[in-house]
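Below is one structure, written out as structure tokens; the observations come after it.
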Amino acid sequence: QVQLVESGGGLVQAGDSLRLSCGTTGRTESIYAMGWFRQAPGKEREFLSAISRTGGITYTDSVKGRFTISINNVKNTVYLQMNSLKPEDTAVYYCAAARHFTTVAHEYRYWGQGTQVTVSS
């Protein structure tokens, strides 16, 4: 199977930047795409961005121009660079892996444990 391990979350002030990392182990040959999601208290899990091994990238409108997703296919590691952070970005951020390129949470087969990002004003 596949295991995902996230790092990079923390407490920052509005306007600061963070880079989240998600390393993978196990049968990574089954992974075609990876994505980032977040969930704030009382809200639905929100799709943020996805990237495929062949170069496909998509973002949700709320993070376009601020967040950048990237992948290292050799290391099987995905990153999310987050700039100009706002208090409304405060949430638990999750990395996930899928067998195809998708924005739909339930189509992701593997998930990380989540990492807390807190942005103060």
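For clarity, every value in this text was computed on a predicted model and none was experimentally measured. We use all heavy atoms of the structure for the numbers below, so side chains are in, but hydrogens, waters and symmetry mates are not.
- In this structure, NZ on K75 lies 12.0 Å from OG1 on T24, to the nearest 0.5 angstrom.
- A donor-acceptor pair shorter than 3.5 Å can be found between the side chains of N83 and S17.
- Here the side chains of Q39 and E46 are not in contact, with every heavy-atom distance at 4.5 Å or above.
- Cluster annotation: I57 is connected to F67 through the hydrophobic network of ILVMFWY side chains, with a link wherever side-chain heavy atoms come within less than 4.5 Å.
- By the criterion of side-chain heavy atoms lying less than 4.5 angstrom apart, applied directly or through intervening Ile, Leu, Val, Met, Phe, Trp or Tyr residues, M34 is grouped together with L20 in one hydrophobic cluster.
- Side chain to side chain, Q3 and T25 meet the donor-acceptor criterion of an N or O pair below 3.5 Å.
- When only modelled atom types and interatomic distance are considered, T90 and E88 share no side-chain donor-acceptor pair under 3.5 Å.
- A salt bridge links D61 with K64: the closest approach of a Lys/Arg side-chain nitrogen to an acidic carboxylate oxygen falls below 4.0 angstrom.
- Y108 and W36 sit in two unconnected hydrophobic clusters of ILVMFWY residues. Membership requires side-chain heavy atoms under 4.5 Å apart, directly or through other members.
- Both cation-pi conditions hold for R45 and W111: the charged atom is under 6.0 angstrom from the six-membered ring centre and inside a 45 degree cone around its axis.
- When T28, V2, L4 are each tested for a side-chain contact (heavy atoms from CB on, under 4.5 Å) with N76, only one passes: T28.
- Heavy-atom contacts from other residues, nucleotides or ligands closer than 6.0 Å to CD of E44 number 12 or fewer.
- Using a 4.5 Å heavy-atom cutoff, the side chains of M82 and V117 are in contact.
- Taking the centre of each ring, F47 and F37 come in below the 6.0 Å mark.
- Hydrophobic clustering (ILVMFWY, side-chain heavy atoms < 4.5 Å, transitive): Y94 and I69 are in distinct clusters.
- Of the possible polar contacts, one joining the E6 side chain to the G114 backbone as a donor-acceptor pair under 3.5 Å is found.
- Heavy atoms only, all atoms of each residue included: A50 and T102 are closest at CB-O, 3.8 Å.
- Cluster membership check: V12 shares its hydrophobic cluster with Y93, using side-chain heavy-atom separations under 4.5 Å among Ile, Leu, Val, Met, Phe, Trp and Tyr.
- Side-chain atoms of Y32 and R53 form no donor-acceptor pair, as typed in the model, at a separation below 3.5 Å.
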- Query: Would T58 and S49 count as a side chain to side chain contact (heavy atoms under 4.5 Å, CB included) if you check the C-alpha gap in whole Å, the side-chain angles of each, and the deciding distance to 0.1 Å?
  - Reply: CA-CA 6 Å; T58 189; S49 183; 5.8 Å; no

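- For the residue pair T68/Q81, the side-chain donor-acceptor check at 3.5 Å is not satisfied.
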- Task: Starting from the C-alpha separation in whole Å, work towards a yes-or-no answer on side chain to side chain contact (heavy atoms under 4.5 Å, CB included) for R99 and R109.
- Result: CA-CA 8 Å; R99 292 181 174 179; R109 182 174 295 269; 3.4 Å; yes

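- Between atom CG of residue N73 and atom CD1 of residue I31 there is a gap of 10.5 Å, rounded to the nearest 0.5 Å.
- With rounding to the nearest 0.5 angstrom, the CG atom of L48 is 6.5 Å from the OG atom of S62.
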- Query: side chain to side chain contact (heavy atoms under 4.5 Å, CB included) between R66 and K86: does it pass, once the steps are laid out?
  - Reply: CA-CA 10 Å; R66 297 192 298 125; K86 306 173 182 179; 4.0 Å; yes

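- To the nearest 0.5 Å, the span separating CG on D16 from CG on D89 amounts to 11.5 Å.
- Looking at heavy atoms from C-beta onward, Q13 lies out of side-chain contact with S121 at the 4.5 angstrom threshold.
- In this structure, CD1 in I71 is found 12.5 Å from CG in L80, a value given to the nearest 0.5 Å.
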